[in-house]
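Since we're looking at a predicted model, the values are computed, not measured.
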Amino acid sequence: MAEPTQGATAEANAGAEAWQARAAACELLALSLRYPGEELVGIVSSGEWADAAREIAGALGLALPKGWADDVRDVELHALRAEATRLFVGAPQAACSPYEGMWRAQDDGVQPLMFVNPHTMAVERFCKACGLGQAKGGANDPLDHIATEFELLQYLASIEAGIAQPYEQGPDAEAFPGGGAGAAYDEFVADHLRTFAPRFAEKLEAEARVSYYRAVAQLLAAYVR
């Protein structure tokens, strides 16, 4: 069998680096959009969160607004949790629902129902086809939570980058939707993430009363643009 040319090797390395940057972006966005804990407050207040986001944006050629995240470091756990509850949980309803099924039910003109709607169930089937089940930590949230969707995309991008392997109890990557981890990533972004995430980002930026969540919205918008 012929050895790969130097050009082909360089192209493969560049592709792997791009997938690694996508995996890092998805990991950061998943953490950013989960219910906040001490870990998140620590990396935001230290400046590590914004530094990581800027590095990822540079690697992927994402355009962030001038002065992006300059004022996010002054965060406090109680205030951040209160804002996350208002935005993503709400009473009687969230200011900005993080669930794909909620957005797409509104598009369909039907009553949105947690778990039992065709879009949430499609996400669940897709996750299972990739060997994944419930979200990290055993949470019982629907799998169409935007943070969980980014966890799925992180997993797929990491496999495509060659920095992770499919879970032993799950199928090989060749059996993923589309026939591979990269193809499954692209399919999920097209069929699920892009159907609601740009609108979610726009509403999150408009509704947020805390600068951190405005910065998250802008980072998300740049990634899914």
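Distance CD/E160 to CG/L153: 12.5 Å, rounded to 0.5 Å. Interatomic distance, R73 CZ to S46 OG, rounded to the nearest 0.5 Å: 6.5 Å. Between the CZ atom of R22 and the CG atom of L60 there is a distance of 6.5 Å, given to the nearest 0.5 Å. Atom CZ in F188 sits 6.0 Å away from atom SG in C127 (nearest 0.5 Å). Here the CD1 atom belonging to I56 is positioned 10.5 Å from the CD atom belonging to Q20, to the nearest 0.5 angstrom. If you take CZ on F200 and CG on L193, they are separated by 10.5 Å, rounding to the nearest 0.5 Å.
Contact detail for S158 and A23: the closest heavy-atom pair is OG-CB, 3.4 Å. Closest approach of R225 and A63 over heavy atoms only: NH1-O, 3.9 Å. A161 approaches A16 most closely through the heavy-atom pair CB-O, 3.7 Å. The nearest pair of heavy atoms linking P142 to Y99 is CD-CE2, 3.6 Å. Closest of all the heavy-atom pairs between R104 and H192 is NH1-ND1, 3.9 Å. Scanning all heavy atoms of the two residues, the minimum distance from L156 to A181 falls at O-CB, 3.4 Å.
Using bins of under 30°, 30° to 60° and over 60° for the plane-to-plane angle, the ring pair Y155/Y167 lands in the parallel bin.
Hydrophobic clustering of Ile, Leu, Val, Met, Phe, Trp and Tyr side chains at less than 4.5 Å, counting indirect connections, keeps V110 apart from F196. Following chains of ILVMFWY side-chain contacts shorter than 4.5 Å, one can reach Y212 starting from L77, so the two form part of one hydrophobic cluster.
Formation of a donor-acceptor pair under 3.5 Å by the E83 side chain with backbone atoms of R209 is found in this model. The backbone N or O of S97 lies less than 3.5 Å from no partner atom in the side chain of K203, so there is not a single donor-acceptor pair. The main-chain N or O of W68 is found under 3.5 Å from a side-chain atom of R54 such that the two form a donor-acceptor pair. Proximity of a side-chain donor or acceptor of D172 to a complementary backbone N or O of E174 within less than 3.5 Å is not detected. For the pair S211 (side chain) and D71 (backbone), a donor-acceptor distance under 3.5 Å is present. Side-chain atoms of W49 never come within 3.5 Å of backbone atoms of L40 as a donor-acceptor pair (strictly under, hydrogens ignored). Checking side-chain atoms of R81 against main-chain N and O of P36 turns up a donor-acceptor pair under 3.5 Å. A donor-acceptor pair under 3.5 Å is formed between the side chain of R194 and the backbone N or O of V224.
Considering D144, L143, L29 in turn, D144 is the only one that fulfils the side-chain contact (heavy atoms from CB on, under 4.5 Å) rule with E149.
At a threshold of 4.5 Å between non-hydrogen side-chain atoms, the residues P98 and I146 count as touching. Taking 4.5 Å as the limit, every side-chain heavy atom of Y223 sits out of range of all side-chain heavy atoms of V189. Counting only heavy atoms from C-beta outward, the side chains of D107 and R199 approach each other to under 4.5 Å. Side-chain atoms of L132 and E151, non-hydrogen and from C-beta on, never get closer than 4.5 Å to each other. Between Y35 and V89 the shortest side-chain heavy-atom distance does not fall below 4.5 Å. Side-chain contact check for I159 versus W19: every heavy-atom pair is 4.5 Å or farther apart. Counting heavy atoms from C-beta outward, L204 and F88 have side chains that approach closer than 4.5 Å. Between S32 and F150, every side-chain heavy-atom pair lies at or beyond the 4.5 Å cut-off.
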For this session: Would you please test H119 and T195 for side chain to side chain contact (heavy atoms under 4.5 Å, CB included) and show each step?
Result: CA-CA 11 Å; H119 307 294; T195 65; over 6 Å; no

For this session: Show your working on side chain to side chain contact (heavy atoms under 4.5 Å, CB included) between L152 and F126 and close with a plain yes or no.
Result: CA-CA 9 Å; L152 167 65; F126 197 102; 3.9 Å; yes

Problem set entry | Pair L87-V210, side chain to side chain contact (heavy atoms under 4.5 Å, CB included): steps then yes or no | CA-CA 11 Å; L87 287 168; V210 173; over 6 Å; no

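Within a 6.0 Å sphere centred on CD of E55, heavy atoms belonging to other residues, nucleotides or ligands number 12 at most.
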